[in-house]
Amino acid sequence: MSDVSVIGLGAMGSALARALLKSGLSVTVWNRSPAKAEALVAEGAIAATNVKDAVEASRLVIACLLVYDTVYEAFEPATDALAGRTFVNLTNGTPAQAREMAQWAAARGADYLDGGIMAVPPMIGQAEALILYSGARAAFEAHGKTLGALGAARYLGEDAGLAPLHDIALLTAMYGLFSGVTHAFALTGSEKGSAEQFLPMLTNWLGAVMTWLPDMARRIDSGDYRSNVVSNLEMQAAAFKNFIVASEGQGVSPELIAPMLQLIRKAVASGYGDADQASLVEMIRTMPPAETQRAAI
Ligand SMILES: NC(=O)c1ccc[n+]([C@@H]2O[C@H](COP(=O)([O-])OP(=O)(O)OC[C@H]3O[C@@H](n4cnc5c(N)ncnc54)[C@H](OP(=O)(O)O)[C@@H]3O)[C@@H](O)[C@H]2O)c1
């Protein structure tokens, strides 16, 4: 028997297995392409010849594969072996997929934890690597020490969908930031400005902007979008048009920033012209029609 089994040895799965080995645990590994296990075996891991053997080797089984469909596919020969074990799925997915997998695991007698990894592989095993978990509380408590070897473990609640929900919320915030930053670099670069020269000004500005987030959060929680407003949306709509015109004038495509102008205009048309930026959340709380959703992916 091993302390833990890791199924999936891509960039992330290998980093997880390596961190567990480094913390002194015995680790059994399995990957569809067996060659990826070789480096880990040299570091002390045991390579299982099939996924069923890998699952049977440990009470704690961690999966990190590409998408949820690949988890179902990979575990197909091992579903009977899951009973009585804790199954931790660190594959990126949606809250609905996590809830469905929690039921799938429960039907096979396993305790289920879903996880969201807020880190890239080189960060795994360090305190800076935040890993979100949700699902079976008792399983998290029983295996908290082992999971702590992967990074800072944060348990969010019994609903298995909570980890991917917060994972995706943090990632969408990151990609929103990257959109704006990419556009900003393109704009300054349109006059041959070096990105590295622009960087200190950019990071100072973003640091200042971060200090506005507590006020934004307070407004969203309270619904108070109209007291002490210093930058109302009507003003922002007028200024934002300049962002688009200026970008086009510099030969920079406004495709990353144009959706924000549409949203601000929608808010103004909906009566939020005198309101704070935080009120934009009211514009997206209602899901668009299913056709629009499908077109977006
Ligand atoms: N890398 C990151 O920075 C990062 C950060 C946070 C979260 N994540 C998440 O971690 C998960 C793994 O990412 P990764 O970077 O390790 O990806 P990766 O390097 O592309 O590895 C993908 C893994 O999935 C396996 N796989 C794919 N299809 C399969 C199938 N049908 N049956 C069995 N195994 C299959 C691959 O096996 P083979 O080796 O045989 O192809 C490999 O082990 C993803 O959900 C990703 O979103 C990654």
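Predicted, not measured: the structure shown is a model, and the values here were computed from it.
- A side-chain donor-acceptor contact under 3.5 Å links Tyr155 to the backbone of Gly135.
- Phe240 and Phe243 have tilted rings, their planes meeting at an angle from 30° to 60° on a 0 to 90° scale.
- Applying the 6.0 Å contact sphere to CE of Met235 captures more than 12 heavy atoms from other residues, nucleotides or ligands.
- For OH of Tyr72, the number of neighbouring non-hydrogen atoms (other residues, nucleotides, ligands) closer than 6.0 Å is greater than 12.
- Residue Gln250 places its CD atom among more than 12 non-hydrogen atoms of other residues, nucleotides or ligands, all under 6.0 Å distant.
- Taking the six-membered ring where tryptophan is involved, the planes of Phe140 and Tyr133 are tilted, since the angle between them lies from 30° to 60°.
- Under the 4.5 Å side-chain heavy-atom criterion for ILVMFWY residues, a single connected hydrophobic cluster contains both Ile284 and Met216.
- More than 12 heavy atoms of other shown residues, nucleotides or ligands fall within 6.0 angstrom of atom CD in Glu248.
- Residues satisfying the salt bridge (charged side-chain N to carboxylate O under 4.0 Å, His left out) criterion with Lys36, sequence neighbours excluded, are absent altogether.
- The main-chain N or O of Asp3 is found under 3.5 Å from a side-chain atom of Ser26 such that the two form a donor-acceptor pair.
- For Tyr112 and Phe87, the distance between ring centers is under 6.0 angstrom.
- Checking Glu100 against Tyr68 by side-chain atom types alone, no donor-acceptor pair falls below 3.5 Å.
- Here the side chain of His166 pairs a donor or acceptor atom with the backbone of Leu162 at under 3.5 angstrom.
- Side-chain contact between Glu282 and Ile220 is absent, with no heavy-atom pair separated by less than 4.5 Å.
- Using a 4.5 Å heavy-atom cutoff, the side chains of Thr86 and Val88 are in contact.
- At a threshold of 4.5 Å between non-hydrogen side-chain atoms, the residues Lys266 and Leu280 do not count as touching.
- Crowding of Arg154 atom CZ: a count of heavy atoms from other residues, nucleotides or ligands under 6.0 Å not exceeding 12.
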- Do Asp114 and Arg99 pass the salt bridge (charged side-chain N to carboxylate O under 4.0 Å, His left out) test, and can you show the C-alpha distance, the side-chain angles, and the key distance before you say yes or no? CA-CA 9 Å; Asp114 206 278; Arg99 289 171 189 136; over 6 Å; no
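- Contacts of Ser247 classified as side chain to side chain donor-acceptor pair (under 3.5 Å), with partners at least two apart in sequence or in another chain: His183.
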